[in-house]
Protein chains: 2
Amino acid sequence: MDKIKILVTDDHPMVLEGMQTMLSQIGFVIITGLARNAYEAMELIKANPPHIVITDISMPEISGIEFAAKVRNEYPGVKIIAMSTFNERSYISQMVQNGASGYILKSASKEEIEEAILTVYEGKLYMSVELELNKKEQQEINKIPILTSREKEVLALIAEGFTNPQIAAKLFVSPYTVDSHRKNLLTKFEVNNTAGLIKLAARYGLV
Amino acid sequence: MDKIKILVTDDHPMVLEGMQTMLSQIGFVIITGLARNAYEAMELIKANPPHIVITDISMPEISGIEFAAKVRNEYPGVKIIAMSTFNERSYISQMVQNGASGYILKSASKEEIEEAILTVYEGKLYMSVELELNKKEQQEINKIPILTSREKEVLALIAEGFTNPQIAAKLFVSPYTVDSHRKNLLTKFEVNNTAGLIKLAARYGLV
DNA sequence: GAAAAAATCACCTGAAAGGGGGATTGACCA
DNA sequence: TGGTCAATCCCCCTTTCAGGTGATTTTTTC
């Protein structure tokens with residue numbers, strides 16, 4: 001098997017060092033780059049596309065969430081593993097929403113990182129065992145609907161309390177269009193009214 | 001000034017030890033009890049009502065949130081300071097909702113605990129400076145509406161996606177009554193539809 | 001025991017949302 | 001170049017919601 005190419009992005013030098021050390025101890029992995037921010041990372045990905053990008057979630061300028069969206073958009077083949085110090089479920093949801101395939105804590109052991117890389121490399125979803133997520137919650141994350149960008153816009157405006165006509169005016173489209181998006185949202189979330197929709201969206205960190 | 005009587009509740013013996021040491025260094029404070037859970041705490045409160053209860057949020061069996069509600073209900077004069085390791089805004093909201101007057105982190109310094117006790121003793125609201133809450137967020141917490149128990153029930157059911165008639169059936173009351181509660185919720189949250197209501201309720205950790 | 005708060009019920013109105021159905025256009029993609 | 005998807009638009013009908021106004025009863029509080 002060829003070595004799995006990994007790029008790591010984190011704004012803390014200490015974490016980069018630590019990851020480098022740990023990854024270098026994993027035989028089937030080769031580090032193609034270490035970046036301190038999303039810009040550097042994009043350059044390095046362009047120069048030498050890795051299989052997997054491991055990125056911190058909270059970074060200045062461009063957050064890991066935006067970065068993930070950018071990577072998925074421009075390099076759909078590149079898998080993303082999100083990394084954070086905290087156990088924030090809403091972040092997990094957002095990362096998954098934006099294309100992440102894995103989620104680990106910075107306190108993860110070498111073994112766990114190894115497992116995460118292998119799992120994600122095989123195209124599966126990896127969630128840190130230390131995230132106190134039970135089976136049920138994992139299933140829940142797997143069923144977070146994928147929304148189109150327009151749907152996200154409409155969802156955000158619904159959550160703000162705007163009505164269909166108001167949203168239509170803001171987006172310069174027909175109220176019928178907004179209504180269609182709204183109905184699609186209800187279908188995707190498998191709920192039958194706005195209350196259920198917003199509750200789920202809030203739980204998943206989408207609003 | 002008489003000494004301020006304090007009772008501490010936490011399921012971690014280490015924390016109890018630490019609090020005891022710290023509190024004993026504060027001149028105007030006297031510890032009336034150390035409890036490892038809500039049951040013990042209720043007994044101790046009954047035997048010798050303190051001015052302030054400092055309680056951990058996450059405890060087995062009865063959480064700090066339920067415990068706070070119980071204390072406020074049975075001993076309205078007793079002030080509550082919530083304590084946790086995490087900076088979870090939704091917990092803060094829930095504690096405030098259930099009667100807490102203060103919120104500190106377990107990493108708080110002696111000085112901070114001292115300040116928290118004094119502030120709460122004077123009937124004011126104290127929020128740990130280490131909680132990275134800006135002024136705006138503090139104001140936001142101050143304006144979380146206080147809901148009646150019936151309103152909380154109705155809110156929860158609305159969030160579940162039930163309609164007024166369905167909720168009425170569940171609660172064995174008239175749909176008109178549910179409608180009244182719903183309207184009061186909209187008024188209290190200062191929103192004009194369900195979407196805004198659920199979004200705020202979710203942000204405040206009420207659903 | 002009076003006052004305040006919470007919970008209950010009622011009606012009217014118009015606006016909005018929910019549940020169906022369908023149609024068109026353009027983009028991307030295999 | 002046919003297929004899928006996103007985004008747009010349209011109409012039907014029924015239910016629910018939101019805003020207003022007012023009332024009674026029970027519980028809590030002082």
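When reading the values below, keep in mind they use all heavy atoms of this one structure, side chains included, and skip hydrogens, waters and symmetry mates. Lettering follows sequence order; numbering is per chain, from 1.
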Novice: Quick check: any donor-acceptor pair below 3.5 Å linking the side-chain of Lys183(A) to the base of dG20(C)?
Specialist: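 Donor-acceptor pair under 3.5 Å: yes.
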Novice: Between Thr177(A) and Arg150(A), do the side chains contain an N or O donor and an N or O acceptor separated by less than 3.5 Å?
Specialist: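 Note: Thr177(A) and Arg150(A) side chains miss the donor-acceptor criterion.
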Novice: Please confirm whether any donor atom in the side chain of Thr148(A) sits under 3.5 Å from an acceptor in the base of dC5(D), or the reverse.
Specialist: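 No such pair is found, so the answer is no.
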Novice: Whole angstrom is fine here: how far is it from CD in Glu151(A) over to P in dA7(D)?
Specialist: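 Roughly 6 Å, once rounded to whole Å.
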Novice: Where the side chain of Val173(B) is defined as all heavy atoms beyond and including C-beta, which of dC9(C), dT8(D), dC17(D) is the nearest nucleotide?
Specialist: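 Nearest nucleotide to the side chain: dC9(C).
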Novice: Phosphate oxygens OP1/OP2 of dA7(C): is one of them under 4.0 Å from a side-chain N or O of Ser149(B)?
Specialist: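 Yes, because at least one side-chain N or O of Ser149(B) sits under 4.0 Å from OP1 or OP2 of dA7(C).
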Novice: Any side-chain N or O of Ser174(A) under 4.0 Å from OP1/OP2 of dT8(D)?
Specialist: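 For dT8(D), neither OP1 nor OP2 has a side-chain N or O of Ser174(A) closer than 4.0 Å.
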Novice: Reading DNA chain C from 5' onward, which residue's closest nucleotide shows up sooner: Pro175(B) or Arg182(A)?
Specialist: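 The residue mapped nearer the 5' terminus is Pro175(B).
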Novice: Between P on dA17(C) and CG on Asn193(B), what's the gap in Å once rounded to a whole number?
Specialist: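 Those two atoms, CG and P, are 7 Å apart.
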Novice: Rounded to the nearest angstrom, tell me the gap between atom CG in Asn184(B) and atom P in dT8(C).
Specialist: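 In whole Å, dT8(C) P lies 12 Å from Asn184(B) CG.
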Novice: Using 4.0 Å as the upper bound for N to carboxylate O, is an ion pair formed by Lys46(B) and Glu74(B)?
Specialist: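 Here Glu74(B) does not pair with Lys46(B) in a salt bridge, since their nearest N and O are not under 4.0 Å apart.
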Novice: Measure CG/Asn192(B) against C1'/dA17(C) and give the value in whole Å, please.
Specialist: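 From Asn192(B) CG to dA17(C) C1': 14 Å.
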Novice: For Phe172(A) and for Lys188(A), locate the closest nucleotide of DNA chain D by heavy-atom distance; then report the residue assigned to the nucleotide nearer the 5' terminus.
Specialist: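 The residue mapped nearer the 5' terminus is Lys188(A).
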Novice: Just to confirm, is there a sub-4.0 Å distance from OP1 or OP2 of dT8(D) to any side-chain nitrogen or oxygen of His181(A)?
Specialist: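 Looking at the OP1 and OP2 atoms of dT8(D), one of them is under 4.0 Å from a side-chain N or O of His181(A).
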Novice: Do Glu43(A) side-chain atoms and Glu40(A) backbone N/O form a donor-acceptor pair below 3.5 Å?
Specialist: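 No.
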Novice: Examine the base of dC9(C) for any acceptor or donor lying under 3.5 Å from a partner atom in the side chain of Ser180(B), and report the outcome as yes or no.
Specialist: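 Side chain to base: pair present.
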Novice: Would you say dC17(D) has OP1 or OP2 under 4.0 Å from some side-chain N or O of Asn164(B)?
Specialist: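 For Asn164(B), the contact criterion (side-chain N or O under 4.0 Å from OP1 or OP2 of dC17(D)) is met.
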Novice: Can you tell me the distance, in whole Å, between the CG atom of Leu157(A) and the P atom of dA16(C)?
Specialist: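 Atom CG in Leu157(A) sits about 16 Å away from atom P in dA16(C).
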Novice: Whole-Å distance between dA23(C) C1' and Tyr176(A) OH?
Specialist: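 That distance rounds to 14 Å.
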Novice: Before you tell me yes or no, could you show the steps for Glu151(B) and Lys188(B) under salt bridge (charged side-chain N to carboxylate O under 4.0 Å, His left out), namely the whole-Å CA-CA distance, both residues' side-chain angles and the distance that decides it to 0.1 Å?
Specialist: CA-CA 10 Å; Glu151(B) 283 166 352; Lys188(B) 283 191 177 183; 2.7 Å; yes
Novice: To the nearest angstrom, how far is Phe162(A) atom CZ from dA18(D) atom C1'?
Specialist: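 Taking atom C1' of dA18(D) as the reference, CZ of Phe162(A) is at 17 Å.
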Novice: Rounded to whole angstrom units, what separation is found between the CG atom of Leu186(B) and the P atom of dG20(D)?
Specialist: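 Distance, rounded to whole Å: 11 Å.
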Novice: Does Lys79(A) count as lying over the ring of Tyr121(A), i.e. NZ or CZ under 6.0 Å from the six-ring centre, within 45 degrees of the axis?
Specialist: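 Pair Lys79(A)/Tyr121(A) does not count as cation-pi.
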